[in-house]
There are 4 protein chains.
Amino acid sequence: MPRVGMEPIRRAALVKATIAEVGLKGSLDVTVARIAKRAGVSSGLAHHYFGGKEDLLFAAMRHILTLYGASVRAQLLRAGTPRDRLAAIIRASFGPDNFEPHVIAAWLSFYVHAQSDPGARRLLGIYQARLGSNLTHALRPLASSRAPDIARTLASVIDGLYIRHALGGAPDGPQATARVLALADVLVDAA
Amino acid sequence: MPRVGMEPIRRAALVKATIAEVGLKGSLDVTVARIAKRAGVSSGLAHHYFGGKEDLLFAAMRHILTLYGASVRAQLLRAGTPRDRLAAIIRASFGPDNFEPHVIAAWLSFYVHAQSDPGARRLLGIYQARLGSNLTHALRPLASSRAPDIARTLASVIDGLYIRHALGGAPDGPQATARVLALADVLVDAA
Amino acid sequence: MPRVGMEPIRRAALVKATIAEVGLKGSLDVTVARIAKRAGVSSGLAHHYFGGKEDLLFAAMRHILTLYGASVRAQLLRAGTPRDRLAAIIRASFGPDNFEPHVIAAWLSFYVHAQSDPGARRLLGIYQARLGSNLTHALRPLASSRAPDIARTLASVIDGLYIRHALGGAPDGPQATARVLALADVLVDAA
Amino acid sequence: MPRVGMEPIRRAALVKATIAEVGLKGSLDVTVARIAKRAGVSSGLAHHYFGGKEDLLFAAMRHILTLYGASVRAQLLRAGTPRDRLAAIIRASFGPDNFEPHVIAAWLSFYVHAQSDPGARRLLGIYQARLGSNLTHALRPLASSRAPDIARTLASVIDGLYIRHALGGAPDGPQATARVLALADVLVDAA
DNA sequence: AATGAATGAGGATTCATTCAT
DNA sequence: GATGAATGAATCCTCATTCAT
């Protein structure tokens, strides 16, 4: 059944299957065989296209971050006022694409992985920096010199809500968005 | 050379070694053999005393939470006013015992583990509930009905700062304490 | 881009690439993929033309022996006296075509392979018989009835020098030739 | 069934099984599982004691060379005259311990392996140097300054006879001994 | 109480081979 | 004629766990 031009299709399927497996298991302790099976291919093919398990996990991580970046950009397009921009960034973080149990589980797993893998750490560092700069940028017109500080606090709350969501019993997406946004308002107003 | 009454000593050594290994590796992907070696005993003994790797990890997790609880209590003893109590709780979270790279790494690993292990999840749930109730209790005199809400936000920020510390580049203990306390003040004042 | 009449070209390229890879690796533990890549074709084509890895290796081995036979014949054409013929055979064994590190490495690998593969063993048997008969024939006028015995000894020395060359630190081609020829002279004269 | 003090027994059994398998197969393309099975242990144990396949093969190689060295020393003990010493060395090379099909097959395999493995190459280099120095030493009283040259030739013939024996149809041990010794005599006498 | 010998299941990885295009 | 997509068997290696001593 081999056909030409399958590479991008297979790669996408494998990355998607990796995220699904990691999310399901709640840890990076997944087997290549299971991922491949979920993607509907042989385990050999996963190695053929990605070189090894490590690379596959890395690609999955990058994919999640790419999706996140895309949803932030999508939300920002519709934002007019500075506060709209702020809301857009926060909303993206807790949007249905990102704030879904499996994705959060995968996300958290990657955080742990980043502790021992420099490549993963670099990737997450980029995400954190971008989140911080996005928030700061949106806050600048609202809080001028206090913007970076408030941005840091908001970023921490966002990450904290992620962790809590991963363990269940945390507010859902819209609630989380509202809560962070409310916090932002308080911090901005607290001249 | 076996002597009587060694059990508590061995157990403590193994738990400590487990935390050290998990912290060092940055994940739960540690071997019983390494843990045992670090504890200065055979791998067989680890099973003898704990039943299995899972149980050893669980004991280590419980130990970390116990230490955390103890340091909270210790800080609270010296606290007089409500705000002192609030500061005590936050300070304990970022105290040298808990806010140390290896311990944070272990902590975060356990968070991930809790996603798939109900026992671990229950344990972390208890910690979260206690942190929440401690904070709420301390905030009650300062913010009355808004106390639970503020407590939740503070708890999220604390967890978020933990995550960020695990990846490096985050503020150190005293700075983190100051930042959270400042946030608490703002939230309390924002009537 | 496939064109007609490519078969002999592809076959030759694959055989050459096989010898190169085997020589480079120093063992038959080479992959068809690497060989194919070196030959500038796909791995599928190697199977298409040769049926399988085994057959490809066999073809390569036969090619080496064919080259050797050709160089012996070429040297013999210019030989007049019996001793010239003897020198010609020996010189061919250590000529630049055969006594080159990669070729020797391949040669030795094939010797090992012949231990488990009857086809390869037969091929090497033919080479040994021909070397023996060539030497005996050349020695007959010089040593009459002692010719077969001397031939056997010379053949052994030649093989021994090959082995030693494979591991490095052995004499180069001309030196090896001189040494074996000197030995031949001594043996012939030792009536 | 674990008992104490099994390590040396297991190591010896595994090394012996390795040589047997390599000799049987005629190449280093043997599986750890087969070796372990022949040794009567699990494959895990082979890794436990040797670290990996490579190390196991290396140990086997070293064992063969050790045996060879021992048999040379044993033969030399009974040697009186220089010629006796010469005969002793040659006899050891073709003695029943070393000149046995499986051992020769293993030996030749190791030669090939040495082409790509520096450790193996060093080991064989030591063997070759020792054989050369043994022969030279024994020949010195018989051939003075020509000793090194004759030694080199004899060493080559010995290796050559090994190769030829590996492929079958070569003389047996005593015959090989006699032939090499006769050659030595001729070379010594050929002033 | 403690060891470490031993197992065996499980998993990543490689690679010859097949085959639709 | 030629490709490279795809498979799956084979193999090395790791490691939790058991158990005789």
When B:Val30 and C:Gly40 are each assigned the nearest nucleotide of DNA chain F, the 5'-most assignment goes to C:Gly40
Given A:Ser109, which of A:Val22, A:Val30, A:Ile104, A:Leu57 fulfils the side-chain contact (heavy atoms from CB on, under 4.5 Å) condition?
A:Val22
Nearest-nucleotide comparison on DNA chain E, the residue closer to the 5′ end among B:Ser43 and A:His48
B:Ser43
Can you tell me the distance, in whole Å, between the NE2 atom of B:His47 and the P atom of E:dA6?
18 Å
Spacing between D:Leu45 atom CG and F:dC13 atom C1', to the nearest angstrom
14 Å
Output the rounded distance in Å from NZ (D:Lys53) to P (F:dT11).
8 Å
What is the separation between atom CD on B:Glu21 and atom P on F:dC15, rounded to the nearest whole Å?
12 Å
I'd like to know if the side chain of C:His102 pairs up with that of C:Glu21 as donor and acceptor (distance under 3.5 Å, no hydrogens or angles considered).
no
Report the nucleotide, chosen from E:dA16, F:dA5, E:dA12, that has the shortest atom-to-atom distance to any side-chain atom of C:Val32.
E:dA16
C:Lys37 NZ - F:dT3 C1' separation (whole Å):
15 Å
One should report the stems of DNA chain F, each a stretch of at least three consecutive Watson-Crick or G-U pairs at distances under 3.5 Å, as E:2-21 with F:2-21
Pairwise side-chain contact, D:Trp107 with D:Tyr68, heavy-atom cut-off 4.5 Å (strictly under):
yes
Taking atom CZ of C:Arg11 as the centre, report whether more than 12 heavy atoms of other residues, nucleotides or ligands fall under 6.0 Å from it.
yes
Taking CE from D:Met6 and C1' from E:dT7, how many angstroms apart are they, rounded to a whole number?
14 Å
Would you say the side-chain atoms of B:Lys25 pair up with the backbone N or O of B:Asp29, donor to acceptor, closer than 3.5 Å?
yes
Rounding to a whole Å, what distance do you find between D:Glu54:CD and F:dT11:P?
16 Å
Identify which nucleotide among E:dT18, F:dT14, F:dT3 has an atom closest to any side-chain atom of C:Val41, counting heavy atoms from C-beta outward.
F:dT3
Picking from F:dA5, F:dA2, E:dG11, which would you name as closest to the side chain of C:Arg10?
F:dA2
Just compare F:dG1, F:dG8, E:dC15 and give me whichever is closest to any side-chain atom of A:Ser42.
F:dG8
Report the nucleotide, chosen from F:dC12, F:dT3, F:dC15, that has the shortest atom-to-atom distance to any side-chain atom of B:Thr31.
F:dC15
Without decimals, in angstroms, what is the distance between A:Asp55 CG and E:dT14 P?
10 Å
Using atom types as modelled and distance alone, determine if a side-chain donor or acceptor of A:Arg121 lies under 3.5 Å from a backbone N or O of B:Leu167.
yes
Could you go step by step and tell me if D:Ile35 and D:Lys53 meet the side-chain contact (heavy atoms from CB on, under 4.5 Å) rule?
CA-CA 10 Å; D:Ile35 293 171; D:Lys53 188 188 187 181; 5.9 Å; no
Taking for each residue the nucleotide of DNA chain F with the nearest heavy atom, is it A:Glu7 or C:Tyr49 whose nucleotide lies nearer the 5' end?
C:Tyr49
Categorize B:Phe50 for me: base, sugar-phosphate, or nothing, with a 4.0 angstrom heavy-atom threshold over every strand shown.
nothing
